[in-house]
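Below is one structure, written out as structure tokens, with a few remarks after it.
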Number of protein chains: 2
Amino acid sequence: MPTCLDSAIISPFPTLRHQDKPLTEAPRRARRSSGRVTLADVARLAGVSPITVSRALRGERAVDSQLVEKVQQAADTLGYVPDPAARALASQKSTQVLVLVPLLSNALFVDLLEAVHRTLFPEGYQPLIGVTHYDSAEEELLLRTYLPHRPAGLLVTGFDRSETARQLIAQSGVPCVHLMETSNAPGVACVGFSQTDAGAAITRHLLERGRRRIAFCGAQLDPRVLQRAEGYRRGLREAGLYDPRLEMLSPERSSIALGARLFEEMLQRMPDIDAIFFCNDDIAQGGLLAAHRLGVAVPARIAMAGFNDLAGSDQMVPSLTTVRTPRSEVGREGAGMLLGMMRGAKPAVGSIELGYELVVREST
Amino acid sequence: MPTCLDSAIISPFPTLRHQDKPLTEAPRRARRSSGRVTLADVARLAGVSPITVSRALRGERAVDSQLVEKVQQAADTLGYVPDPAARALASQKSTQVLVLVPLLSNALFVDLLEAVHRTLFPEGYQPLIGVTHYDSAEEELLLRTYLPHRPAGLLVTGFDRSETARQLIAQSGVPCVHLMETSNAPGVACVGFSQTDAGAAITRHLLERGRRRIAFCGAQLDPRVLQRAEGYRRGLREAGLYDPRLEMLSPERSSIALGARLFEEMLQRMPDIDAIFFCNDDIAQGGLLAAHRLGVAVPARIAMAGFNDLAGSDQMVPSLTTVRTPRSEVGREGAGMLLGMMRGAKPAVGSIELGYELVVREST
DNA sequence: CTGAAAGCGCTTACAG
DNA sequence: CTGAAAGCGCTTACAG
């Protein structure tokens, strides 16, 4: 039947060209065929029961290899594609994995999502992206909307969420891995690195370069930015050089334009600074551009460092010193850990600490 | 029952605290309650049939307002949340909308997705993001994977896809709107703007500035980049200044780093150029930075223009002249059109042409 | 305006 | 290793 094969190639749910006669001729009222090839159709062609088809196709339990072959062939012939909704309803579990990130406009999370997709998709799970905009009410709404879909797993960013969101996750029973930060709390699965240590490391680098009046510019003020600020303080206190007036924290969303503004304000407020640690590369790039515009020499007059090593930082003039964060690794390892949990491996829960890397360039 | 109310606030699918006795005591074997509050539970509490609950909650068909009230109250009391899988199976249609974009690393598509989400989500539809990486095989795989979920609608980028993908979409019967480009083909729904016209407009702007040797740098070479190139050619031909040697097309993915390389190569190959039109702001930013590094005066020696008006272009030194493209409007209007189609409005199909805006800054 | 019956297309839980 | 029955939780299609 070449036409059937043809349609099997083209359509994910081909219609039966030669519609079988209904097996019973009894008066049936509510008939509403979707035109879809079903498990029953495959079973009929293969001469086995639907359950056997189900098992053969999923590779679950032992099925006679000859039957598996026959079923597979029948499924191919008809172009059978399982119905995800029926599967989800019967098994109380879908193959979608809910992934909650704060923003898509930060390249960091795009890299993270790419890695998650590359890990999950080939294993039969589909990431479902939800954007929280750093807003706990939005996060709650997303959870309320998507948890009823019974996702197979859940990937969330960090630990900072409302108590309600926390309970929604816990009560759902859906396996959950936290990304970008780590924790030692029992029963918590997470993959990340120490934002605080990384912040301290880059601060020490500036100190080693001989800088003494090192400022910190932070935007957005999400937990990870605050952890970097904490690392900055630790680094300066160790050197006995901490001065709270050198900190500038803005709740505004991080951006190149904001970085330019923060730089100008900082310079005006504390003219004696000789270095700035920006909490993210985008505001650091803005700072670099503002310095260029104002004729402030970098690093001669003021050294500048960023965080995350985003696109363009290596191209800036001067190129930007920063911290390369392992977001792709976090995505890959986090998704891998979740994979283990979704498949029922309890010991997979734990905490994975990944490193970071200082990238020294011309700006310091 | 305060505990029930409590749980209704917290969980999207609370368990029944006071489990009702099974109505029949007959020997039932395959019992497998999910612990979920169902339509039947609500119906029992409200004293009506499940169908009435279904209709009252969906607002479908006329239901006595008193009953609606009673049903609503029962649903609230029990914390009822409909099961999306059951709904999708029974109605052969989910509330997810598949959105296919080439890349998340281009801020353009992030803006598009934001607008789509803001339009669709409040109306009860959830965007399901798929990334094709400008690869038709990936696009096909995404369609094969997600179409069986019977999404309520489909949003795709442009018209450039394999014949198989085209057929997959057509045969699925899922309403589909094409974004970012327009077409006059009958029965095709699309929202976009003329990339060619926009490309011609910025070329004319450079001509008006007195430039005569205007180069074009294109990366990625997706259909929209090629359309901009076509506009560039049209503009130069009108002025009798077209020279194919001024075109530099690279299949590499667009990026700041690539822009720097393209600029250097272009300058070496054609030292007499006095302007460059970059197909996208990221490579234009790279060009600007490379010029700075090499000491090439912009715009004095070479004028530079980009495309899309991405983040940072207004902060560059000199700030970048570009074309502001209406991606948020495309997302909003495209999703709005799809909304009409999903609700069964046939006349909604059509072509919406949105404008673009020349943003003249210091670089030209 | 309301409802009893059937059905959507799978998998679970038992049996054998 | 295979299968008949029941069930997952909704909506459709008819009736009245």
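Each chain gets a letter, A, B and so on, in the order its sequence line appears, and its residues count up from 1. Since the model is a prediction, treat every value here as computed from it, not as a measurement. Just so you know, these numbers use all the heavy atoms, side chains as well, and skip hydrogens, waters and symmetry mates.
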May I ask you to evaluate whether B/T38 reaches the phosphate of D/dG9, defined as a side-chain N or O under 4.0 Å from OP1 or OP2?
no
Where the side chain of B/S49 is defined as all heavy atoms beyond and including C-beta, which of C/dG3, D/dG3, D/dT12 is the nearest nucleotide?
C/dG3
Separation of D/dT2 atom P from A/K70 atom NZ, nearest Å, is 10 Å
Below 4.0 angstrom from OP1 or OP2 of D/dT2, is there any side-chain N or O of A/T52?
no
Let me know the distance between CZ of B/R150 and P of C/dG9, rounded to the nearest Å.
8 Å
Is a side-chain N or O of B/R118 found less than 3.5 angstrom from the main chain of B/G331, in a donor-acceptor match?
no
Nearest-Å distance, CZ (A/R55) to P (C/dC14)?
14 Å
When you measure from the side chain of B/H178 to the backbone of B/A189, do you find a donor-acceptor pair of N or O atoms at a distance under 3.5 Å?
yes
Roughly how far, to the nearest 0.5 Å, is CD1 of B/I169 from CG of B/L147?
7.5 Å
Here the distance between atom P of D/dG9 and atom CG of A/D83, to the nearest Å, is 17 Å
Of all the choices, D/dG3, D/dC8, D/dC10, which nucleotide is nearest to the side chain of A/Q92 once you look at every atom?
D/dC8
Find which nucleotide of DNA chain C each of A/R87 and B/G47 is nearest to by heavy atoms, and output the residue with the more 5' nucleotide.
B/G47
Among C/dT11, C/dT2, D/dC10, the one nearest A/S54 by side-chain distance
C/dT11
With both distances under 3.5 angstrom, what nucleotide forms a Watson-Crick or G-U wobble pair with D/dC14?
C/dG3
Between the OG atom in B/S94 and the CZ atom in B/R87, the distance rounded to the nearest 0.5 Å is 11.5 Å
Select one nucleotide: of D/dG7, D/dT11, D/dG9, the one nearest the side-chain heavy atoms of B/S91.
D/dT11
Can you label the angle between the A/H149 ring and the A/Y146 ring as parallel, tilted or perpendicular, going by 30° and 60°?
tilted
Side chain of B/L89 (C-beta onward), nearest among C/dG3, C/dG9, D/dA5:
C/dG9
Rounded to the Å, how far apart are B/H149 NE2 and C/dG9 P?
15 Å
Nearest-Å distance for atom pair CD1/P, residues A/I51 and C/dA15:
16 Å
Calculate the interatomic distance between A/R44 atom CZ and C/dG9 atom P; express it in whole Å.
12 Å
Where the side chain of A/T157 meets the backbone of A/L100, is there a donor-acceptor pair that is under 3.5 Å apart?
yes
From C-beta outward on A/A86, which listed nucleotide comes closest to its side chain: C/dG9, D/dA4, C/dG3?
C/dG9
Given C/dT2, C/dG9, D/dG3, identify the nucleotide with an atom nearest to the side chain of A/R36.
C/dG9
Below 4.0 Å: OP1/OP2 of C/dT12 and any side-chain N or O of A/R58
yes
How many whole angstroms separate atom NZ of B/K93 from atom P of D/dT11?
13 Å
Choose from D/dT12, C/dT11, D/dC8 the nucleotide whose nearest atom is closest to any side-chain atom of A/L39.
C/dT11
